[in-house]
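Here the structure is a predicted model, which means the values were calculated and not measured.
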Amino acid sequence: MPNVFRPRIAPSKFRRALALATVPVLLAGLGHAPVAHAQGPIKPQTQVQTLPNFVNLVKQVKPAVVSITSHIRADVAAQEEGGGGGGMPDQGQQGMPFPFPFPFQMMPQQQPKRTVEARGSGFIISGDGYIVTNNHVVNGATRVSVTLDDGTTLPAKVVGRDPQTDVALLKIKPNGTLPFIELGDSDAVQPGEWVVAVGNPFGLGGTVTAGIVSARGRNLNSGAYDDFIQTDAPINHGNSGGPLFSQDGKVVGVNAAIISPSGGSIGIGFAIPSNTVKNVVDQIRKTGHVVRGYLGLTDQNISPTMAQALGLKPSAPGAPPMGALVASVNPKGPADKAGVKSGDVITTLNGKPIKDGHDLAVHVVSMAPGSKATLGILRANKPTTIDVTVGNMAKGKGGSDNDNGSDDSDQGNSGRIGVSLAPLSPDLRQQLGVDETVHGAVVSDVAQGSAAEHAGIRPGDIIQAVGTTTVENPRAVMTAVRGVLKAKQPILLRVLRDGQQLFIAVSPNAPDDDSDDGDGQ
């Protein structure tokens, strides 16, 4: 017997609460607009509108939304339920995939290799039977079937899957032409606009919920290419893979995850943007797999102290720094061939602003290998543009970064920075695993509680540049650092650590705790 969720509020109380909630809307409809006061808080000048009616929209799109049943290996099912599939975080922490609708969660088959039955959602994108859903809905499935809106159930073939974006493409063989829906432009979606989710929550196919877009570009730290649309439209287990519609009836997202301590909807759901889905689905449909763009560089996000050291100005007072700092460039990679250098700040990609390293990664991987791109660069605080041919990530070599650096002094301790330096002797080169082509000064010690320690400097780091000035030895480091200190600016250092080039800004007056890990592009 399925569990049925009933309202906890008594009917009379519910009517009274509804009546009270309706009063402001009715007053607004009678023309009682809020009054603006010159010396008071800002108040909206437009009248509050009544809630939209989604009846016609639902009638048009609902026939193209399907329910999906997957028979999944028990080991994969347990991993997915715990948040391990599709790169999603653990349940109860952040984004949580939800292909398993209670009370149909576990239905073990009495076989040596056990399978469980799980349900999700999907939608038809072509009249000949191509269907989009989430990867975690069909991951590990031994058999998949699709139930259409009219109740017809058909076997489905998994054409291809992309675990990185949690998108999968299925194919069924219909008896005739199917109703289908279009993928819209997710870049046009704005926070505050109405959206409608349709799906198969808890096995209840054809369920419709509505809400607004809460935010765009959400990074749940569940994968390298997180770029979710957040919505408060109620989404529950079984909605995975279902469409999120804009008011013009086009799909702007694919419901993929929720934040929920209890496992049910609390009004925080996430959808994969339709533009991401469109790129992935087009590739799977043509080749059965996905290839991603690649620049061949490692970047770091820019902390406020770094921005000050680089001479970057915020877009608005108090706004976070914009752009991605290039920490290193892979030899003979696309960026290297185009002339991108370590220390460059990438501010735009094809004319669109780049917020940070993650934003750059999301945009680059969606580009087709071989396509042309134009990077807006700040080099030594001078703007320029560089044209680059995007490479293929599968053939390139990436990297990852940390955000660290170091500073100062000739074999002695600097009271203002807090490091001791030593020259690169043959013994130190052997210990650190670097050859004669590497130049700089080695950090031999870091004072406890110093600005250098707060910045993340470690013994063994090799300082190779102070700002744009290359340094060969401890004395050169000390001279360059003193010049920056006289200007009362944070000190930006380029450091070699474990074979990776890193940047860090050290403030002699305040700890710098806002450094961030970078991304390999």
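For the pair Val198 and Phe245, the minimum side-chain heavy-atom distance is below 4.5 Å. Side-chain contact between Lys250 and Ile181 is absent, with no heavy atoms from C-beta onward closer than 4.5 Å.
Counted by atom type alone, Ser214 and Asp232 present zero donor-acceptor pairs between their side chains at under 3.5 Å. Defined by atom type and a distance below 3.5 Å, a donor-acceptor pair is present between the side-chain atoms of Thr153 and Thr147. When only modelled atom types and interatomic distance are considered, Asn135 and Arg161 share a side-chain donor-acceptor pair under 3.5 Å. Under the 3.5 Å distance criterion, with hydrogens and angles disregarded, a donor-acceptor pair is assigned to the side chains of Asp185 and Asn275.
Salt-bridge formation is detected for the pair Asp162/Arg292: a Lys NZ or Arg NE/NH1/NH2 atom is positioned less than 4.0 Å from an Asp or Glu carboxylate oxygen. Between Lys62 and Asp149 there is a salt bridge, since a side-chain N of the basic residue sits under 4.0 Å from a carboxylate O of the acidic one.
Ser70 places a side-chain N or O within donor-acceptor distance of the main-chain N or O of Val137, the cut-off being under 3.5 Å. A donor-acceptor distance shorter than 3.5 angstrom exists from the side chain of Thr142 to the backbone of His71, with no hydrogens or angles considered.
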Applying side chain to side chain contact (heavy atoms under 4.5 Å, CB included), run through Ile125 and Phe180 and close with a yes or a no.
CA-CA 5 Å; Ile125 60 168; Phe180 63 95; 5.6 Å; no
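Within 6.0 Å of CG in Asn175 there are 12 or fewer heavy atoms belonging to other residues, nucleotides or ligands.
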